[in-house]
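Lettering of chains follows the sequences in order, A, B, ..., and the numbering in each one begins at 1.
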Amino acid sequence: MANCGAQISTPIRVPAWVSTRRLFEQKLQELHKCTDLAHVKEVHAQIIKQNLHTDLYVAPKLISAFSLCHHMKLALNVFNQVPHPNLQLYNTLIRAHVRSSQPSMAFAALLEMQQNGIFPDNFTYPFLLKACNGEPWLPVVQMIHGSLEKVDFFGDIFVPNSLIDSYSKCGALGIQSAMRLFRSMDSRDVVSWNSMIGGLVRAGDLGGARELFDEMPVRDAISWNTILDAYVKAGKMDEAFELFEKMPERNVVSWSTMVSGYSKAGDMQMARMLFDKMPTKNMVSWTILISGYAQKGLAQDAVSLYSLMEKSRLMLDSGAAVSILAACAESGLLGLGERVHASIARTRLMHHADVSNALLDMYAKCGRLKKAYEVFERMAERDVVSWNCMLQGLAIHGHGDEALKLFSRMKQQGFKPDKFTLVAVLCACTHSGFIDEGLRYFNNMEKEYRIAPDIEHYGCVIDLLGRAGRLNEAIRLVDSMPMGPNAVIWGTLLGACRMHNAAELAKQVQDHMARFEEASEHGTCSVLSNIYAAAGDWVNVANVRLQMKSAGIQKPSGASFIEVGDKVHEFTVLDMSHPDSGEVYEMVDGLVQELRLFGDPSNDHHHTY
DNA sequence: CTAGGGTTAG
């Protein structure tokens, strides 16, 4: 002690990399939530200059940042530069794969990690579980649960909470496991409760969710919003509103949930009123209402709200772009779709797989196949959804040849067709009259592509056979369906009967449909009326609609929209609201006559298969 | 790890 003051201690040498890294601390912290790729690239370049990119502290931050910008290629580059990745780096990589919705890559990384003698910790498990989203993942969740029993990381509340969340996304069986786990926990936090309640809401168990909500000791905003959403999802808007009013606090999510609920219930006035009253709006709030208008074909409202949104200095994110484009695709609002395209052109969003898929689907569904192709060809990384949207677009517009060519190209490039692909391929065959080819694809799909035929596939082939007049084969196929026919199948068959004047068979099919009608009036009535409408049987359409009305079934009739100039015109079956509707129908009848003269019986009706 | 918007079929 005595010498202390006099003594000058030897300076401790600080390695150069410590101080340079110190310079990057701030930047690295910011990188954590940065979604601007240009900025991340810039920091990356500086880091490489300092030779810090293999640093086990720096590399995870970079991987995380690149994955947040949806640039897994660069994230992987960073990972591959590190000579001896440790557990933390693997964890970061796994989370990055999960975030970019590449669950199989996440598990591949896990495998590689374990082969290198590194084993998961309490961080790894929640990341992996986050990848398990949906019923097919149940066995994986169970396996992870099993291996967790051996290592016991349950002391970390994130672990059981993640398990509850993943289980509860795996259907009815999963919910049961989630509940068992939830009940067996010694201590639960708000997240455990919220995850469990959220699971019950997803499963449509409003009663169970409410019970648990009432049982909860402490409720924060998320719990209230979850239960609010439960009422909204159940379509109980009056009860939702009551709850909304007596919530202790309402945040932007609570308001948006209400707007979404009214919009889905078709009450656009109420949705708009709440939207205008919201104290703060974010991109999701705008998206909900714009998509709501667009889905209902209210083009003017959608477009003017979109313009307002653009003025509000909020930028479209990927979710907003996908959502609005999907709504445009559904209602054929090409104009708004093009506006969205213009806003995202030359931005990062164009390189976002989900966004370009939604864009190409919008163009395809609106009949702009050339534009759809352009988007498709320019995509840096096409996934199976891109191919499916393109194939489906070609198929429904009757370009069967081109669809089948694209299908070969898809396989050539090593893409694995899925059930949607096969629906599109069969649809292409149906719409272009490729009977033998369609049958061959259908008969080989299990062997060649390992895809078990679904009801949609049966539907396509029954349509295919029916149009070709091979009614007996169609009937035999219906009888052989392992899942049994639904109303759409009967409807397809009925259409074929009418097309080929098979009155006797039509009667049998109608009897089958009548039995369906008892089971689910709503669905079949609409299907029936659509069939009659497609067959031009207006009297029966009116009858069915009247029947529905007297039974108290309200289904807004399907409407079509067409843009002429800057105006959107809407029309429905039996629509007589136009002053010249008499002439319009005369024209339609004339066209139908002409088509008949061409001798293609498939012009008689059309299904959306 | 938990709440509101979402792409391919119906």
Would you indicate which nucleotide in [options] comes nearest to any side-chain atom of [X]?
{"X": "A:Val191", "options": "B:dG4, B:dC1, B:dT7", "answer": "B:dC1"}
{"X": "A:Phe420", "options": "B:dC1, B:dA9, B:dG6", "answer": "B:dA9"}
{"X": "A:Ala358", "options": "B:dT7, B:dG6, B:dT8", "answer": "B:dT7"}
{"X": "A:Arg202", "options": "B:dG6, B:dA3, B:dG5", "answer": "B:dA3"}
{"X": "A:Phe158", "options": "B:dC1, B:dA3, B:dA9", "answer": "B:dC1"}
{"X": "A:Asp165", "options": "B:dG5, B:dT2, B:dT7", "answer": "B:dT2"}
{"X": "A:Asp354", "options": "B:dT8, B:dT2, B:dG6", "answer": "B:dG6"}
{"X": "A:Cys389", "options": "B:dA9, B:dT8, B:dA3", "answer": "B:dT8"}

Between the base of [N] and the side chain of [X], is there any donor-acceptor pair under 3.5 Å?
{"X": "A:Asn357", "N": "B:dT7", "answer": "yes"}
{"X": "A:Ser256", "N": "B:dG4", "answer": "yes"}
{"X": "A:Asn486", "N": "B:dG10", "answer": "no"}
{"X": "A:Thr287", "N": "B:dG5", "answer": "yes"}

Classify [X] by what it touches in the nucleic acid, base, sugar-phosphate, or nothing, heavy-atom distance under 4.0 Å.
{"X": "A:Asn251", "value": "base"}
{"X": "A:Ser195", "value": "sugar-phosphate"}
{"X": "A:Asp220", "value": "nothing"}
{"X": "A:Ala326", "value": "sugar-phosphate"}
{"X": "A:Lys130", "value": "sugar-phosphate"}
{"X": "A:Asp317", "value": "base"}
{"X": "A:Val252", "value": "base"}
{"X": "A:Gly319", "value": "base"}

Rounded off to whole Å, could you give me the [atom1]-to-[atom2] distance for the [X] and [N] pair?
{"X": "A:Ile144", "N": "B:dC1", "atom1": "CD1", "atom2": "P", "result": "13 Å"}
{"X": "A:Glu330", "N": "B:dG6", "atom1": "CD", "atom2": "P", "result": "10 Å"}
{"X": "A:Phe182", "N": "B:dT2", "atom1": "CZ", "atom2": "C1'", "result": "12 Å"}
{"X": "A:Leu243", "N": "B:dG4", "atom1": "CG", "atom2": "C1'", "result": "15 Å"}
{"X": "A:Tyr262", "N": "B:dG5", "atom1": "OH", "atom2": "P", "result": "16 Å"}
{"X": "A:Phe127", "N": "B:dC1", "atom1": "CZ", "atom2": "P", "result": "7 Å"}
{"X": "A:Lys169", "N": "B:dT2", "atom1": "NZ", "atom2": "P", "result": "5 Å"}
{"X": "A:Phe376", "N": "B:dT8", "atom1": "CZ", "atom2": "C1'", "result": "13 Å"}

Next on the checklist: If we check ring-ring contact (aromatic ring centres under 6.0 Å, His included) with A:Phe275, which of these qualifies: A:Trp286, A:Trp255, A:Tyr293?
Outcome noted: A:Trp286
Checklist entry - ring-ring contact (aromatic ring centres under 6.0 Å, His included) with A:Trp387: which of A:Phe407, A:Phe376, A:Phe420? => result A:Phe376
Item to check | Neighbours of DNA chain B within residues 223-235 of chain A, by heavy-atom distance under 4.0 Å | outcome: A:Asn225, A:Thr226, A:Asp229, A:Lys233
Next on the checklist: Quick one about A:Asp165 and A:Ser162 (side-chain donor to acceptor, distance below 3.5 Å, no hydrogens or angles considered), yes or no?
Outcome noted: no
Next on the checklist: What I want to check is whether the side chains of A:Asn194 and A:Asn161 have a donor and an acceptor closer together than 3.5 Å.
Outcome noted: no
Item to check | Test: A:Arg219 cationic atom under 6.0 Å from A:Phe213 six-membered ring centre, within 45° of axis | outcome: yes
Next on the checklist: Is the positively charged end of A:Arg382 above the ring of A:Phe415, judged by distance under 6.0 angstrom from the centroid and angle within 45° of the axis?
Outcome noted: no
Item to check | Presence of A:Lys365 side-chain N/O under 4.0 Å of B:dA9 phosphate oxygens OP1/OP2 | outcome: yes
Checklist entry - Does A:Ser432 reach the main-chain N or O of A:Cys429 with its side chain, forming a donor-acceptor pair under 3.5 Å? => result no
Item to check | Minimal non-hydrogen separation, A:Pro417 against A:Met410, with atom names | outcome: CA-CE, 3.9 Å
Checklist entry - Which pair of non-hydrogen atoms, one from A:Ile489 and one from A:Ile455, has the smallest distance, and what is that distance? => result CD1-O, 4.0 Å
